[in-house]
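Down below is the structure, laid out as structure tokens.
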Amino acid sequence: MNQFDDYVKALDPDVRASVRKATTNVARARERALSVLFEDAESARLRAMEVKSHVLDNLRGYLLRLEERCVHNGIVVHWASTADEARILIGELCLGAGGVGETVVKAKSMATEEIHLNEHLEGLGLEVVETDLGEFVVQLDHDTPSHIVAPIIHKDRHSVSETFQREGLGPQSSDPATLAGQARDFLREKFKRAKVGISGINFAIAETGRLVLVENEGNNRLSTTAPKVHIAVMGIEKVLPRESDLPLFLKLLAGSATGQLLTVYTHLIHGPRKAGDLDGPDEVHLVILDNGRSKVMNGPYREILRCIRCGACLNACPVYRASSGHAYGHVYSGPLGAVLGPALEGVAGVGTIAKASTLCGACEEVCPVKIPIPAMLLKLRSELKQPRAPWLAFQQAASSQRAWSLATASLPVLSSLPNPWTANRERPQRQGRDFRRWWDERA
Amino acid sequence: MRVQLLLTCLCDAFYGEVGIASVRVLEHLGCEVAFPKEQTCCGQPPFNAGDWASARAIAERCAGVFQEDLPIVTPSASCAAMLAEGYPMLGLDAPQVFELCQFIDEVAKPSSWPSLPSPVRAVFHRSCHGRMLHLGAVQERVLGLVPNLTLEPIEDADQCCGFGGAFSVTHGGTSVAIGSAKLDALGAPTPERVVSGDAGCLMHLDGLSARSGRVLKFSHVAEILAEAL
């Protein structure tokens with residue numbers, strides 16, 4: 001057994017059905033959206049791949065340019081080489097802005113999930129509130145996100161209602177709009193009170209020092225404008241060269257992630273509030289996070305850093321559809337996570353999740369930046385420490401035709417013994433004639 | 001035209017008829033088929049499992065069994081993809097290899113095919129290794145040549161069957177969950193036959209179908225083409 005089989009077994013049939021339905025629907029919507037957005041989606045993906053590869057090849061230069069433009073715009077830039085550095089830095093910024101007991105509102109951010117920021121801030125005595133509806137439910141349930149775009153893909157409205165009722169947000173309801181209203185009322189008070197808003201970043205433009213955020217709920221807008229201090233956290237790979245790169249990436253991200261033609265909100269953050277502005281934070285901080293990415297840059301999994309976190313590979317993946325995101329046991333789930341997790345943290349730790357793939361290639365086929373995920377999963381497997389004896393025996397059998405014929409002749413017999421194959425499947429049986437005998441007899 | 005048959009280990013062990021059908025199909029197309037008898041495995045099982053030293057040793061042996069200047073044809077997108085895509089990842093030259101339908105579509109290019117003796121309503125399962133070969137709808141196109149054969153559309157035709165080689169055993173529960181969803185989709189138009197181009201998919205789906213009490217009949221593409229001869 002492995003963790004994936006455990007999750008498949010433990011998954012409530014309704015939950016599995018809804019994960020399958022949700023991922024299938026988004027996968028279909030993605031295809032429709034891309035066909036509307038682009039005359040030739042394939043060449044759009046190719047261009048996006050080229051831009052991201054170019055960024056990785058010139059990353060240092062673009063990051064320094066980004067820093068320079070951000071500083072010019074009044075954004076304070078911080079560099080964090082590890083998760084720990086980032087946590088400490090952000091904690092100090094939060095305490096400086098408010099102090100113990102103050103409220104910090106958070107817009108959805110995988111980078112902050114990656115560095116486990118919430119636990120750290122709570123440890124400092126801060127109240128941290130996730131404001132993305134899905135992330136909010138996850139936080140109330142002391143759960144973890146099971147999808148990088150749709151964090152509660154493993155829950156339905158009934159379980160959300162139970163949670164809200166338990167937490168005193170409102171009476172039981174099965175109406176999604178009512179439930180969203182309950183969360184909205186609760187969160188609105190938090191936005192009013194919060195001294196700090198923390199967000200991720202979808203793209204940062206080196207040319208202008210502009211931070212780009214996309215969302216559908218409006219909570220990012222409130223998180224980044226209502227509090228006095230906005231802290232944005234981005235991985236080093238999030239930089240794009242020019243403003244003119246944005247249309248391509250905004251369309252590819254919205255289409256690939258949710259099947260939308262464009263997200264409901266697109267924020268272009270140019271810096272703190274200026275004299276005469278009606279709203280906006282007094283301070284904007286940008287935390288540029290490495291946390292293992294430089295190491296990945298110089299290794300065989302460099303191309304995974306092209307990822308724009310759209311989640312299309314999760315939706316397309318048969319393993320993800322069957323087991324859901326928690327089975328991966330990592331912040332980043334699905335095919336992306338099966339590569340990025342081990343690439344960032346080392347094969348020795350979480351490398352075995354690279355085995356949780358049929359290598360069907362659906363992930364690569366839908367990836368907006370054409371990351372060769374199956375080839376990377378294969379490479380990761382080759383780096384796993386595994387017992388060699390079974391494969392040496394296999395190699396021995398394959399090294400001569402006589403040994404091979406003995407082995408293949410014994411397979412139909414061996415397969416009649418109890419084995420993992422026959423736990424849920426009938427054993428394969430020799431069907432019809434033996435090819436080699438037929439070949440010899442006709443000669 | 002002379003071609004060499006790569007039988008594949010599954011046809012060697014279980015599905016001899018698929019190999020026989022492949023030879024008959026190729027001969028119908030006017031090919032002279034050679035079968036290098038020293039062939040064993042292409043090396044994919046250890047390659048996918050991550051033991052690349054074993055995979056390389058087997059791949060080198062396999063490449064040596066075949067003549068360099070003659071195309072290899074195999075009734076498996078999976079084995080063809082191993083030779084075409086896997087060998088270069090192991091640092092070896094890719095042999096000149098075609099999946100059976102790919103060979104028919106790209107090289108032999110028949111304009112027609114003999115008719116099946118009686119009408120058959122079938123569904124087609126595209127094996128995922130066809131993606132790596134960029135086969136697209138090649139296999140469906142070739143089957144489309146066969147009079148009396150109707151291919152019914154199915155939901156989510158691009159989804160994997162969950163076989164995945166060793167994955168089917170190392171992650172058996174997940175593999176079976178994926179396969180059950182695939183069988184639901186394949187069985188929905190109540191076809192007379194489920195057709196696919198890879199024995200791995202067929203072995204997994206057939207075994208799962210039989211165990212779960214479904215009544216589905218499975219055939220390899222080569223068998224359908226040969227049935228019409």
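We name chains A, B, ... by the order of the sequence lines, and we start the count at 1 in each one.
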Here's a test for you: under side chain to side chain contact (heavy atoms under 4.5 Å, CB included), which of B/D12, B/L7, B/T40 qualifies with A/T408?
B/D12
Just by modelled atom types, is the A/R433 backbone N or O under 3.5 Å from a matching donor or acceptor in the B/E17 side chain?
yes
A/A27 versus chain B, the contacting section by heavy-atom distance below 4.5 Å:
neither
Shortest non-hydrogen contact between A/W421 and B/H204, atoms and distance
CH2-CA, 3.5 Å
Is it true that a side-chain atom of A/Q395 and a backbone atom of B/P46 form a donor plus acceptor pair closer than 3.5 Å?
no
Decide yes or no on side-chain contact (heavy atoms from CB on, under 4.5 Å) for A/F435 and B/L5, but give the supporting numbers first.
CA-CA 12 Å; A/F435 178 84; B/L5 179 73; 3.5 Å; yes
Quick one: of B/G173, B/G164, B/S212, who has the most non-hydrogen atom pairs under 4.5 Å with chain A?
B/G173
Can a donor-acceptor pair be found between the side chains of A/R425 and B/S175 at a distance below 3.5 Å?
yes
Could you tell me whether a side-chain N or O of A/R381 sits under 3.5 Å from a main-chain N or O of B/W52, the two making a donor and an acceptor?
no
Determine the option with the most heavy-atom pairs under 4.5 angstrom with chain A, choosing from B/L205, B/V18, B/V23.
B/V23
Worked check of salt bridge (charged side-chain N to carboxylate O under 4.0 Å, His left out) between B/E155 and A/R20
CA-CA 13 Å; B/E155 292 259 292; A/R20 187 176 295 285; over 6 Å; no
Would B/R126 and A/E365 pass as an ion pair if we require N to O under 4.0 Å?
no
Is it the case that more than 12 heavy atoms not belonging to A/E42 sit under 6.0 Å from its CD atom?
yes
Just by distance, no angles: are the side chains of A/R388 and B/S54 close enough, under 3.5 Å, to form a donor-acceptor pair?
yes
Using modelled atom types and a 3.5 Å cut-off, is there a donor and acceptor pairing between side-chain atoms of A/N424 and backbone atoms of B/G172?
no
In terms of heavy-atom proximity below 4.5 Å to chain A, should B/Q39 be classed as side chain, backbone, both, or neither?
both
Under 4.5 Å from any heavy atom of chain A - which part of B/D206:
side chain
Does the pair B/Q159 and A/R321 meet the rule for a side-chain contact (heavy atoms from CB on, under 4.5 Å), with working shown?
CA-CA 10 Å; B/Q159 273 282 301; A/R321 286 185 181 187; 3.1 Å; yes
